[in-house]
S.K.: 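This is the structure I have questions about; it appears just below.
Position 1 is the first residue of the sequence, and the numbers go up from there.
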Amino acid sequence: MRITQSYYGDTSHRRHWDPNTTYRDYPIDDAGENEGREAIYCPCDEMVVTAVKGIGNSATNTVWLVSTSKVVTPTFEDIAFMTLTHSLDADLKNVTVGRKFQRGEVICHEGNDGASANHIHIACGRGSSNNWIQNENGSWVIEGDTKKPEEVFYIDRKFTEELWGGYLPWVDLPNDQVGSPIQRDSSKDQIEVLVSNLNARTTPSLEGKKKGYVIPGIYDYQETVENDNYLWYKIEDFYIAYQEGWENLYPKKEEEPEKNKETVPRLIFTCSKTGKYLISLKEGEELYLK
């Protein structure tokens, strides 16, 4: 992250909000590590594209994305949106309304459509959004309940290197990983978490409070509950939703009963003359003599 202009920027950003009090947003310009076109990644579990504007015309290319579920931010827990501006036409050919992106998936790249140098212009807020609106300063700003970026985004130091944060009071992402994976044990019902963005919830429901993301690995499961079109598994003190590709199931193996060594003998062959026998057995067959 290298913020080349925060929402205080006198070049163009300040008129997005100052002194206007009706329609405003708080954009930042992120130019990444260098002058190239670095990727922009989906920052939460899932986001859906609600609008794409500017491709093929004079307007600056902009993508609107809204989270498909409530997200935890430094200041609220609700649906959130963000907009990405300046990507090139070719970079947005597969970014269409209704397209969904998963956490960590590349959405687009920095660009210079409507700008003098490669960067991404970011605005964000609470709730949903899919349009611009013009304020009394003559600036086109994002319509909706816009917020300052540090009020919506955490910075994940394990993922993002802060080269320059633009003097904004970024909040570090809390430790959001839960769970203690164990070894495989065929005598117990177990489930293996395969993905790194599986939510741990306090109750078996999509509305259940999130405890964090489950550390991938194997866990014992204690019970199952059907709800919200998912089968939920309780591991430790939280629930996870099952979906093929997210987890592997390992039901415990039942012990095979020991063979009865006191099987009643049966007569196989009798020879009344010589007392000699020639017996042919197949592999695994047992012979009992009387």
S.K.: Mind checking whether Trp17 and Tyr8 have parallel, tilted or perpendicular rings, split at 30° and 60°?
M.R.: perpendicular
S.K.: Do the side chains of Glu105 and Lys100 get close enough for a salt bridge, i.e. N-O under 4.0 angstrom?
M.R.: no
S.K.: Can any side-chain N or O of Asp78 pair as donor or acceptor with the backbone N or O of Arg126 at less than 3.5 Å?
M.R.: no
S.K.: Could you tell me if the side chain of Trp170 sits less than 4.5 Å from the side chain of Tyr154, heavy atoms only?
M.R.: no
S.K.: Step by step, work out the side chain to side chain contact (heavy atoms under 4.5 Å, CB included) result for Arg184 and Tyr250.
M.R.: CA-CA 9 Å; Arg184 175 78 178 97; Tyr250 303 120; 3.4 Å; yes
S.K.: Can you check ring-ring contact (aromatic ring centres under 6.0 Å, His included) on Tyr41 and Phe159, steps first, answer last?
M.R.: CA-CA 11 Å; Tyr41 300 86; Phe159 187 85; 5.2 Å; yes
S.K.: With rounding to the nearest 0.5 angstrom, report the CG to CD distance, Asp172 to Glu162.
M.R.: 8.5 Å
S.K.: Calculate, to the nearest 0.5 Å, the distance between atoms NE2 and CG belonging to His86 and Asp91 respectively.
M.R.: 14.0 Å
S.K.: Please report the interatomic distance CG(Leu198) to CD(Glu247), rounded to the nearest 0.5 Å.
M.R.: 5.0 Å
S.K.: When rounded to the nearest 0.5 angstrom, what is the spacing between CD in Glu33 and CD in Glu38?
M.R.: 5.5 Å
S.K.: Taking atom types as modelled, find out whether Ser205 and Asp228 have a side-chain donor-acceptor pair closer than 3.5 angstrom.
M.R.: yes
S.K.: Which heavy-atom pair separates Arg15 from Ser12 by the least distance, and what is that distance?
M.R.: CG-O, 3.3 Å
S.K.: Output yes when Arg2 and Glu161 qualify as a salt bridge under the 4.0 Å nitrogen-oxygen rule, no when they do not.
M.R.: no
S.K.: Is it the case that Asp220 and Gln190 place a side-chain donor and acceptor less than 3.5 Å from each other?
M.R.: yes
S.K.: Can a donor-acceptor pair be found, under 3.5 Å and without considering hydrogens, that links the side chain of Asp113 to the backbone of Leu88?
M.R.: no
S.K.: Could you check whether Arg24 makes a cation-pi contact with Tyr7, meaning its NZ or CZ is under 6.0 Å from the centre of the six-membered ring and within 45° of the ring axis?
M.R.: no
S.K.: Mind checking whether Val178 and Leu194 sit in one hydrophobic cluster, side chains of I, L, V, M, F, W, Y counted as touching below 4.5 Å?
M.R.: no
S.K.: Within a radius of less than 6.0 Å around NZ of Lys70, do more than 12 heavy atoms belonging to other residues, nucleotides or ligands occur?
M.R.: no
S.K.: Are the side chains of Glu192 and Pro216 in contact, using a 4.5 Å heavy-atom criterion?
M.R.: no
S.K.: Is it true that the side chains of Glu46 and Thr68 contain a donor and an acceptor less than 3.5 Å apart?
M.R.: yes
S.K.: Under 6.0 Å from the NZ atom of Lys188, do we count more than 12 heavy atoms belonging to anything else shown?
M.R.: no
S.K.: Looking at residues at least two apart in the chain, or sitting in another chain, which of them share a salt bridge (charged side-chain N to carboxylate O under 4.0 Å, His left out) with Lys282?
M.R.: none
S.K.: Looking at side-chain heavy atoms only, is the closest gap between Val49 and Val63 below 4.5 Å?
M.R.: yes
S.K.: Could you check whether atom CG of Asn229 has more than 12 heavy atoms from other residues, nucleotides or ligands sitting under 6.0 Å from it?
M.R.: no
S.K.: Hey, is the main chain of Ser139 close enough, under 3.5 Å, to the side chain of Asn135 for a donor-acceptor pair?
M.R.: yes
S.K.: To the nearest 0.5 Å, tell me how far Asn199 CG sits from Phe238 CZ.
M.R.: 11.0 Å
S.K.: Working to the nearest 0.5 angstrom, can you tell me the gap between Trp140 CH2 and Lys53 NZ?
M.R.: 10.5 Å
S.K.: For the side chain of Ser87 and the backbone of His109, is there at least one donor-acceptor N/O pair under 3.5 Å apart?
M.R.: yes
S.K.: Output yes when Asp145 and Lys147 qualify as a salt bridge under the 4.0 Å nitrogen-oxygen rule, no when they do not.
M.R.: yes
S.K.: Distance only, no hydrogens: is a donor on one side chain within 3.5 Å (strictly under) of an acceptor on the other, for Ser187 and Asp185?
M.R.: yes
S.K.: Running the 4.5 Å side-chain criterion over Ile, Leu, Val, Met, Phe, Trp and Tyr, what cluster does Ile133 land in, apart from itself?
M.R.: Tyr23, Val141
S.K.: Look at the rings of Trp246 and Tyr230 and say which category their plane angle falls in: under 30° parallel, 30 to 60° tilted, over 60° perpendicular.
M.R.: parallel
S.K.: List the steps and the verdict of side chain to side chain contact (heavy atoms under 4.5 Å, CB included) for Tyr233 and Leu231.
M.R.: CA-CA 7 Å; Tyr233 288 81; Leu231 185 60; 3.4 Å; yes
